[in-house]
Number of protein chains: 2
Amino acid sequence: MTNVDLQKINAVEPEARAGDARAEAFQGVRVARRNELAEDYVELIAELIHNQGEARPVDIATKMGVTAPTVAKTLGRLARDGLITRAKYRSVFLTEEGRALAKECRHRHEIVLRFLIRLGLDPETAEHDAEGIEHHVSERTLALFAAFANRS
Amino acid sequence: MTNVDLQKINAVEPEARAGDARAEAFQGVRVARRNELAEDYVELIAELIHNQGEARPVDIATKMGVTAPTVAKTLGRLARDGLITRAKYRSVFLTEEGRALAKECRHRHEIVLRFLIRLGLDPETAEHDAEGIEHHVSERTLALFAAFANRS
DNA sequence: GCCAAAAGTTAGACAAGGCTAACAATCTGC
DNA sequence: GCAGATTGTTAGCCTTGTCTAACTTTTGGC
Ligand SMILES: [Mn+2]
Ligand SMILES: [Mn+2]
Ligand SMILES: [Mn+2]
Ligand SMILES: [Mn+2]
């Protein structure tokens, strides 16, 4: 590491500190948003494999409400990021990593959904809101949601 | 509206119907995501005007945790969309529409935050999660959150 | 087994939202 | 009232995520 690098670090450090808690929250939200699509895709792919035996792009496109080329490009990124494997003109498979993420996402989705329904929301709206909320729920919040959903 | 437009609408309609409830939910989330940034900006701008007397790009950048050029470009879009007005090298003002949106967002943010705290979450995590969740909460869910937060 | 329909891919456009580098304007302390 | 610091803008790059148009491959009905 050069002196210049060290200077940079020392120069940047106070600014990172100066950015208040607010900036941190916004940065966290931006990070969460970057993973949203991948999370929804692997969750859906796992579900299709479970229900249909395989995950075909055409079904992903229908369920996600996007066109086939959009799915193709997104699957390219997921493959690049090590979440899926695929061969040309064949259906999609999850990697070990992809399966782990899918499981985690399904779990989160389930808890948020049950929580909202338990709160008194109708199932359709609950499903709708859960699809967005699930990506912005911390471990702590998830635990509280689960406790509420499971209370007697 | 031209015949071509009508044809397009009629052609698209059945597909929108064919997409099941799931696709609708995902589409709704995508719409919500498109408005997230604008919502956070106008909310922050309103707050800066209230607390500091004016909303300066440098403060927006600090609070949002992004660089000045990013703020400049985003403000350009907000102005284009009729939410703010601005003059070169001057601070930013909300339009009537921007003020209305800011008020609505502040209200939503407040309810989600109070709800999470009431659930038992620590204020820092609550603030963090609220910043993301607020954009994915339907009117119905918001009402339930408010009722829960206000329960005796 | 062929051939049309369905599914998948590729190419290319476009907008959003992030960045750095470079420059311009404004403000401030002396 | 000027110089230097701060603030703001512009230009240009990159990635993501969406689309349409055009193509190729696979599949299934006959
Ligand atoms: Mn989701
Ligand atoms: Mn989900
Ligand atoms: Mn927010
Ligand atoms: Mn907010």
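When reading the values below, keep in mind they use all heavy atoms of this one structure, side chains included, and skip hydrogens, waters and symmetry mates. Within every chain, numbering begins at 1; the chains are lettered A, B, ... in the order of the sequence lines, protein sequences first and strands thereafter.
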Between A/Arg86 and C/dT9, is there a contact of a side-chain N or O with OP1 or OP2 at under 4.0 Å? yes
*asked:* Quick check on A/Arg106: does its CZ atom have over 12 non-hydrogen neighbours (other residues, nucleotides or ligands) under 6.0 Å away?
replied: no
In whole angstroms, the gap separating P of C/dA7 from NZ of A/Lys63 amounts to 14 Å
Ranking C/dA16, D/dT9, C/dT9 by distance to the side chain of A/Tyr89, first place goes to C/dT9
Regarding B/Asp59 and B/Thr62, do their side chains bring together a donor and an acceptor under 3.5 Å, going by distance alone?
no
Quiz item: Does C/dC19 have OP1 or OP2 sitting under 4.0 Å from an N or O in the side chain of B/Thr70?
Solution: yes
Is A/Thr67 close enough to D/dC19 that one of its side-chain N or O atoms is under 4.0 Å from OP1 or OP2 there? yes
By side-chain contact (heavy atoms from CB on, under 4.5 Å), B/Arg80 pairs with (sequence neighbours left out) B/Arg77
In whole angstroms, the gap separating C1' of D/dT10 from CZ of B/Arg77 amounts to 15 Å
Residues in residues 26-43 of chain A with a heavy atom under 4.0 Å of DNA chain C, by number, are A/Arg30, A/Arg33
For atom CZ of B/Arg33, is the number of surrounding heavy atoms from other residues, nucleotides or ligands below 6.0 Å larger than 12?
yes
> Is the cationic atom of B/Arg151 (NZ for Lys, CZ for Arg) positioned less than 6.0 Å from the six-membered ring centroid of B/Phe148 and within 45 degrees of its normal?
Replying inline: yes
Exercise. For A/Arg90, answer base if it contacts any base atom (sugar-phosphate contacts may also be present), sugar-phosphate if it contacts only those atoms, and nothing otherwise; contact means non-hydrogen atoms under 4.0 Å.
Key: sugar-phosphate
Separation of C/dC27 atom P from B/Asp59 atom CG, nearest Å, is 14 Å
Rounded to whole Å, CE of B/Met64 lies from P of C/dG18 at a distance of 7 Å
Exercise. Determine whether any donor atom in the side chain of A/Lys73 lies under 3.5 Å from an acceptor atom in the base of D/dT18, or the reverse, and answer yes or no.
Key: yes
Out of D/dT10, D/dT16, C/dA25, minimum distance to the side chain of B/Ala72 belongs to D/dT10
Under 3.5 Å, is there a donor on one side chain and an acceptor on the other for B/Glu36 and B/His136? yes
Rounded to whole Å, CG of B/Leu75 lies from C1' of C/dG17 at a distance of 13 Å
Next on the checklist: Under a 3.5 Å cutoff, is there a donor and acceptor pairing between the side chains of A/Asn150 and A/Arg114?
Outcome noted: yes
Whichever of A/Lys88 and A/Arg80 has the more 5' nearest nucleotide on DNA chain D, that residue is A/Arg80
Rounded to whole Å, the CD-P distance (A/Glu54 to C/dA7) equals 12 Å
note: B/Arg56, atom CZ; D/dT9, atom C1'; distance rounded to Å ~ 15 Å
Out of C/dG8, D/dC19, D/dG8, minimum distance to the side chain of A/Val58 belongs to C/dG8
